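Notes for the one structure printed next.
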Amino acid sequence: MAGEARVVTGGFHQRVYDVVRSVPAGSVTTYGDVAAALGSPRVARHVGWALAALRDGDVPWHRVINSKGRISLRGATGRGELQRARLEAEGVEFSPTGRVDLRRFRWHFEPGC
DNA sequence: GGTTTGACCATAA
DNA sequence: CTTATGGCCAAAC
């Protein structure tokens, strides 16, 4: 193959970053979606964990929220406010309850790419 | 190599 | 709306 085969076990986090990086500004996604994009919809917890290990980089972790369109961020509400500020700066609208309209801003990963 | 944990998800009350 | 519980699986200890 022409070097596109990335079946790397143990580099689970690395794949998470790659998927999140493919999310354009103005769109959001959920942990479950990212996990499903990786091939396992049950690893949603690890997606959050991978993002938790992030600090500063090219990974737009703020575009990843939970299924209810809400920001969870256990124990780190400070980043939650940062996340919302960044999303609003990118054009994502929040509901009066502080939730994002996933019906419009949810990003769809492209299959076979 | 077993135990603990965790930025989740779904369901129930 | 919130709180609690089970499940699921990889990384960290």
Side-chain angles (χ1 to χ4, degrees):
Chain A
M1 310 294 206
E4 211 64 75
R6 56 191 93 194
V7 192
V8 185
T9 54
F12 186 87
H13 289 178
Q14 196 66 35
R15 296 178 60 181
V16 174
Y17 306 144
D18 190 35
V19 173
V20 177
R21 233 182 256 133
S22 65
V23 179
S27 299
V28 297
T29 185
T30 66
Y31 299 97
D33 273 10
V34 175
L38 294 173
S40 299
R42 306 159 195 265
V43 296
R45 311 182 73 167
H46 309 346
V47 175
W49 205 49
L51 298 179
L54 278 173
R55 299 186 186 175
D56 223 357
D58 304 329
V59 184
W61 56 269
H62 52 265
R63 292 180 194 143
V64 186
I65 53 184
N66 62 16
S67 311
K68 300 180 182 71
R70 190 146 202 193
I71 304 171
S72 292
L73 285 173
R74 277 186 180 162
T77 51
R79 290 184 190 172
E81 294 183 27
L82 174 64
Q83 179 170 18
R84 175 178 170 172
R86 286 195 174 187
L87 290 175
E88 290 181 312
E90 294 184 351
V92 178
E93 298 179 23
F94 277 75
S95 299
T97 51
R99 295 197 301 198
V100 179
D101 192 347
L102 293 174
R103 301 170 302 177
R104 295 178 55 194
F105 297 103
R106 190 172 184 178
W107 171 252
H108 297 271
F109 296 100
E110 298 182 4
C113 190

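Proteins come first, then strands; the chains are lettered A, B, ... in the order of their sequence lines, and each starts at number 1. Please read these numbers as outputs of a predicted model, since none were measured by experiment.
Looking at residues 37-47 of chain A, you'll see A:Ala44, A:Arg45, A:His46 sit with a heavy atom under 4.0 Å from some atom of DNA chain B.
Between the side chain of A:Arg63 and the backbone N or O of A:Val23, at least one donor-acceptor pair lies under 3.5 Å. The main-chain N or O of A:Val64 is found under 3.5 Å from a side-chain atom of A:Gln83 such that the two form a donor-acceptor pair.
When the P atom of B:dC9 is taken as reference, atom OH of A:Tyr31 falls 8 Å away, rounded to whole Å. The distance between atom CG of A:Asp33 and atom P of B:dA10, rounded to the nearest whole Å, is 10 Å. Across the protein-nucleic acid pair, A:Gln14 atom CD and C:dA11 atom C1' stand 14 Å apart, rounded to whole Å. Atom CZ in A:Phe12 sits about 13 Å away from atom P in C:dA12, given to the nearest Å. Atom NE2 of A:His13 and atom C1' of C:dA12 are 10 Å apart (whole Å). Look at CZ on A:Arg70: it is 17 Å from P on B:dA10, rounded to the nearest Å. Whole-Å rounding puts the A:Ile71 CD1 to B:dC8 P distance at 11 Å.
Between A:Val16 and A:Trp49, every side-chain heavy-atom pair lies at or beyond the 4.5 Å cut-off.
OP1 and OP2 of B:dC8 both lie 4.0 Å or more from every side-chain N or O belonging to A:Ser67.
Taking for each of A:Val64 and A:Lys68 the nucleotide of DNA chain B with the nearest heavy atom, the 5'-most of the two is the partner of A:Val64.
A:Arg84 comes within 4.0 angstrom of no nucleic acid atom, judged by non-hydrogen atoms across all strands.
Taking each heavy atom of A:Tyr17 and A:Ala50 in turn, the nearest pair found is OH-O, 3.0 Å.
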Could you walk me through whether A:Arg86 and A:Glu90 pass the salt bridge (charged side-chain N to carboxylate O under 4.0 Å, His left out) test, one step at a time?
CA-CA 6 Å; A:Arg86 286 195 174 187; A:Glu90 294 184 351; over 6 Å; no
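Grouping the Ile, Leu, Val, Met, Phe, Trp and Tyr side chains by contacts below 4.5 angstrom, directly or via other members, places A:Val34 apart from A:Val28.
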